[in-house]
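Below is one structure, written out as structure tokens; comments come after it.
None of the values given here were measured: they were computed from a predicted structure. Every number for a ligand or one of its atoms is a count from 1 in the order of the listing.
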Amino acid sequence: MTGRPTPIIAVDGPAGAGKGTVARRLAAQFGYAYLDTGLLYRAVGMKVLLQGGDPSSADDATPAAQQLKAADLDRDGLRSDEAAVAASRVAAIPAVRAALLDFQRAFAASPPDGSAGAVLDGRDIGTVICPDADLKIFLTASLDVRVARRLEELRQRGLPAIHTEVLHDMQERDRRDATRSVAPLAAAKDAFVIDTSNLDRDAVFDRVLGLAGGIPGGGSEKDDR
Ligand code: DC
């Protein structure tokens with residue numbers, strides 16, 4: 001613990017590793033504000049597509065990121081695979097990442113609604129956005145398991161769930177997110193890495209809660225990290 005007034009928990013990892021579920025539950029449990037940073041990139045990607053632009057083009061994506069509005073985050077379709085692919089493309093552009101940096105850091109430093117702390121999930125929270133986070137979790141899972149989870153999610157939402165397409169999109173996204181030159185997907189050196197392939201949601205959450213013991217609101221005030 002650093003003694004900073006607002007504790008920060010970073011949850012990073014690839015798509016389908018279970019970040020969102022854990023991050024949301026942590027925020028609810030501790031009374032912290034939650035920021036899904038992937039939504040920012042999805043909103044930029046969709047904005048570019050709706051404007052008829054190319055998500056891989058810095059000329060198209062940079063102004064979309066610089067002019068991102070709250071209403072862009074409420075758009076339908078941000079959870080679609082089309083938005084995910086566009087997000088991964090805009091996310092590889094350094095100027096897009098730079099445009100979204102301050103918002104994410106400000107959210108973490110001064111969480112909205114007077115929340116006592118913040119939980120951010122994404123790909124670079126522990127490495128770039130909040131390198132001083134009080135707790136860093138990196139969730140991972142095998143590609144097969146992540147694809148199966150995504151297919152199940154699509155089916156539950158009544159959307160087309162085609163195995164080869166989901167597999168292809170996820171492989172492409174993993175490759176792009178992990179190999180881009182700026183803020184690639186990576187576990188911070190001081191992150192706790194949890195492979196969720198063989199764990200259900202409750203088991204993952206229990207493990208993370210065990211690691212969060214020293215965080216204000218996170219149970220015992222153990223301070224030995
Ligand atoms: O977490 P998600 O699936 O909603 O993220 C969509 C894409 O956005 C992901 O493929 C890469 C990008 N992203 C990123 O580069 N950095 C983040 N902190 C969050 C998401």
Side-chain angles (χ1 to χ4, degrees), residues 8-24 26-27 33-49 55-56 58 61-62 64-65 68 72-108 118-131 133 136-141 143 145-147 149-154 157 159 165-188 191 196:
I8 298 169
I9 303 177
V11 184
D12 289 302
K19 300 184 301 288
T21 307
V22 165
R24 250 185 298 270
L26 277 175
Y34 166 58
L35 181 64
D36 168 4
T37 65
L39 202 63
L40 304 174
Y41 293 93
R42 287 169 181 263
V44 174
M46 280 301 276
K47 195 168 176 154
V48 173
L49 289 178
S56 299
T62 306
L68 198 67
D72 295 319
L73 301 174
D74 279 336
R75 234 191 263 287
D76 287 342
L78 291 184
R79 296 276 158 217
S80 67
D81 281 356
E82 182 192 25
V85 172
S88 171
R89 291 185 190 281
V90 301
I93 300 168
V96 167
R97 305 198 73 84
L100 301 179
L101 188 78
D102 287 350
F103 174 78
Q104 296 173 79
R105 286 202 177 142
F107 184 101
V119 184
L120 283 78
D121 82 33
R123 303 291 188 287
D124 63 340
I125 308 304
T127 50
V128 174
I129 304 295
C130 303
K136 299 180 187 179
I137 305 291
F138 190 89
L139 297 183
T140 168
L143 180 64
V145 166
R146 293 187 293 117
V147 168
R149 286 176 185 162
R150 180 64 183 152
L151 286 168
E152 180 56 25
E153 185 191 332
L154 290 170
R157 285 163 48 198
L159 296 169
E165 281 183 11
V166 171
L167 174 67
H168 175 264
D169 281 359
M170 213 172 260
Q171 276 176 316
E172 272 298 286
R173 208 140 70 87
D174 281 356
R175 187 193 53 73
R176 207 179 297 117
D177 294 348
T179 60
R180 65 182 176 225
S181 61
V182 55
L185 168 69
T196 70

Taking all atoms of both residues into account, what is the closest heavy-atom pair of [X] and [Y], and its distance?
X	Y	answer
Gly126	Ala188	O-CB, 3.7 Å
Thr127	Ala186	CG2-O, 3.6 Å
Ala61	Ile93	CB-CD1, 3.8 Å

Proximal atoms of ligand 1 relative to [X] (non-hydrogen, under 4.0 Å):
X	value
Thr37	17 (C), 18 (N), 19 (C)
Ala87	6 (C), 7 (C), 8 (O)
Ala91	12 (C), 15 (O)
Arg173	3 (O), 5 (O), 6 (C), 7 (C), 9 (C), 10 (O)

Nearest-contact summary for [atom] - protein heavy atom, Å:
atom	value
atom 16 (N) of ligand 1	Arg97 NH2, 3.0 Å
atom 4 (O) of ligand 1	Arg42 NE, 2.6 Å
atom 1 (O) of ligand 1	Arg123 NH1, 2.8 Å
atom 8 (O) of ligand 1	Tyr41 CB, 3.5 Å

May I ask you to say whether Glu153 pairs ionically with Arg149, meaning some side-chain N is under 4.0 Å from a carboxylate O? no

Carboxylate-amine/guanidinium contact Asp72 Arg75, below 4.0 Å: yes

Side chain, backbone, both or neither: which part of Arg180 has a heavy atom under 4.0 Å from ligand 1? side chain

The answer for which part of Arg176 has a heavy atom under 4.0 Å from ligand 1 is neither

Could you walk me through whether Arg173 and Asp81 pass salt bridge (Lys or Arg N to Asp or Glu O under 4.0 Å), step by step? CA-CA 10 Å; Arg173 208 140 70 87; Asp81 281 356; 5.6 Å; no

Could you walk me through whether Asp124 and Arg97 satisfy the salt bridge (Lys or Arg N to Asp or Glu O under 4.0 Å) test, starting with their C-alpha distance in whole Å, then the side-chain angles of each, then the deciding distance to 0.1 Å, before giving a yes or no? CA-CA 10 Å; Asp124 63 340; Arg97 305 198 73 84; 2.9 Å; yes

Please confirm whether the backbone N or O of Ala183 pairs with a side-chain atom of Arg123, one donor and one acceptor, at under 3.5 Å? no

For ligand 1, which is the ligand I care about here, please tell me if Asp121 has any N or O atom under 3.5 Å from one of the ligand's N or O atoms. no

Do any N/O atoms on Asp36 end up under 3.5 angstrom from N/O atoms on ligand 1? no

